[in-house]
Amino acid sequence: MSIRRTVAASLFAIGLAIVPAAHAQFAGTPDPSTFRDTSMLKPPAGHKVAIIEFFDLECPACRTANPIVERAAAQYHVPLVRYDFPLQMHVWSKDAAIFARYLQDRVNPDLANKYRDDVFQQQPALNSKDDLQNFTRRWMQQHGQSMPFSMDPKFAAEVQADYNLGLKLNVTRTPTIVVATANKWQIVSGSESGSNDPNRIFAMVEGALRQTQGAPAPAKAAAHK
């Protein structure tokens with residue numbers, strides 16, 4: 001289950017588990033384990049636990065983590081909330097995020113997720129914006145879609161809004177994966193623990209679910225965006 005663009009309107013205490021994979025990509029020099037304004041991360045309304053991820057389609061570590069994160073969300077029936085965080089050092093990452101957002105908003109969210117999965121699979125062969133354009137054009141044809149002649153600026157703005165949210169949180173690496181609960185927060189840094197295995201997410205989600213057993217679901221809040 002994948003839910004996009006969930007932003008809290010009020011403060012919630014949350015459980016955090018940062019799950020970095022090998023060869024994580026960095027956006028800058030701040031300590032990646034230092035987060036601020038974490039009140040804006042929470043499980044979606046009606047859920048006690050969620051996986052929240054900031055990712056970059058050109059990041060090799062995100063490619064490695066992608067099937068693991070999706071499997072964890074499906075296995076434990078928790079929502080997966082994803083935010084685009086295309087790093088400036090990557091050549092085609094932002095363009096890919098914009099194409100995915102077009103599919104999500106104008107065509108079908110499931111097809112957008114399929115595009116993201118396929119971009120991750122093809123990632124090693126995509127070395128330029130032209131490579132991405134050619135891949136996307138073929139992909140669109142194979143899935144019964146037409147390549148847009150021009151892209152509505154709103155899709156780039158939505159990707160930028162995700163990126164700005166990551167900056168507000170002080171996200172500095174991709175992938176940044178968060179397990180959110182409703183009663184406390186804890187940050188686990190892979191570099192501090194000596195582990196770079198994204199499979200740690202399974203234990204984190206299991207622990208969050210055990211913690212929330214018997215707890216009432218958060219009250220539904222007014223929809224945001």
Side-chain heavy atoms of R106 within contact of P148, under 4.5 Å: no
Are R71 and F202 packed together at the side-chain level, in the sense that at least one heavy-atom pair is separated by less than 4.5 angstrom? yes
Does a side-chain N-to-carboxylate-O contact under 4.0 Å join D162 and R101? yes
With side chains defined as the heavy atoms from C-beta onward, is the minimum distance between V78 and L209 less than 4.5 Å? yes
Tightest non-hydrogen contact, residues D84 and P86, listed as C-CD, 3.5 Å
Distance check, rounded to the nearest 0.5 Å: F99 atom CZ versus M140 atom CE? 6.5 Å
Nearest heavy-atom approach of A73 to L80 is CB-CB, 4.0 Å
So, for P175 and E53, which heavy atoms are closest and what is the spacing to 0.1 Å? CB-OE2, 3.7 Å
Apply side chain to side chain contact (heavy atoms under 4.5 Å, CB included) to the pair F155 and D105, showing each step before the final yes or no. CA-CA 8 Å; F155 304 124; D105 292 358; 3.7 Å; yes
F54 six-ring centre to R82 NZ/CZ under 6.0 Å and within 45° of normal: no
Between the CZ atom in F135 and the CD atom in Q121, the distance rounded to the nearest 0.5 Å is 9.5 Å
Report yes or no: does T176 contribute a side-chain atom to a donor-acceptor pair with the main-chain N or O of T172 at less than 3.5 Å? no
Might you point out which heavy atoms bring E58 and V91 nearest each other, and give the distance in Å? OE1-N, 3.0 Å
Using a cut-off of 6.0 Å, state whether more than 12 heavy atoms not belonging to Q88 lie near its atom CD. no
About how many Å separate CZ of F55 and CG of L87, when rounded to the nearest 0.5 Å? 12.0 Å
I51 and I177, any side-chain heavy atoms less than 4.5 Å apart: yes
Once you round to the nearest 0.5 Å, how far does OG1 of T181 lie from NZ of K48? 11.5 Å
Between D118 and K114, does any side-chain N to carboxylate O distance fall below 4.0 Å? yes
Answer yes or no: is there a side-chain heavy-atom contact under 4.5 Å between R200 and I68? no
Quick check for you: to the nearest 0.5 Å, what is the distance between C62 atom SG and D56 atom CG? 5.5 Å
Inter-residue atom distance H143.NE2 - R138.CZ, 0.5 Å rounding: 12.5 Å
For the residue pair V119 and R63, establish whether any side-chain heavy-atom pair is separated by less than 4.5 Å. no
Compare all side-chain heavy atoms of Q145 with those of L111 and state whether any distance is below 4.5 angstrom. yes
Go through the steps to decide whether F85 and L169 satisfy the test side chain to side chain contact (heavy atoms under 4.5 Å, CB included), and finish with yes or no. CA-CA 12 Å; F85 198 75; L169 288 166; over 6 Å; no
Steps toward side-chain hydrogen bond (donor to acceptor under 3.5 Å, both in side chains) verdict (N113, R116): CA-CA 5 Å; N113 287 332; R116 294 182 181 104; 2.9 Å; yes
Given the options D130, L57, T136, W92 meets side-chain contact (heavy atoms from CB on, under 4.5 Å) only with L57
Considering non-hydrogen atoms only, spot the tightest contact between T174 and A61 and give its length. O-CB, 4.1 Å
Does any part of the side chain of I201, heavy atoms only, come nearer than 4.5 Å to the side chain of V205, both counted from C-beta? yes
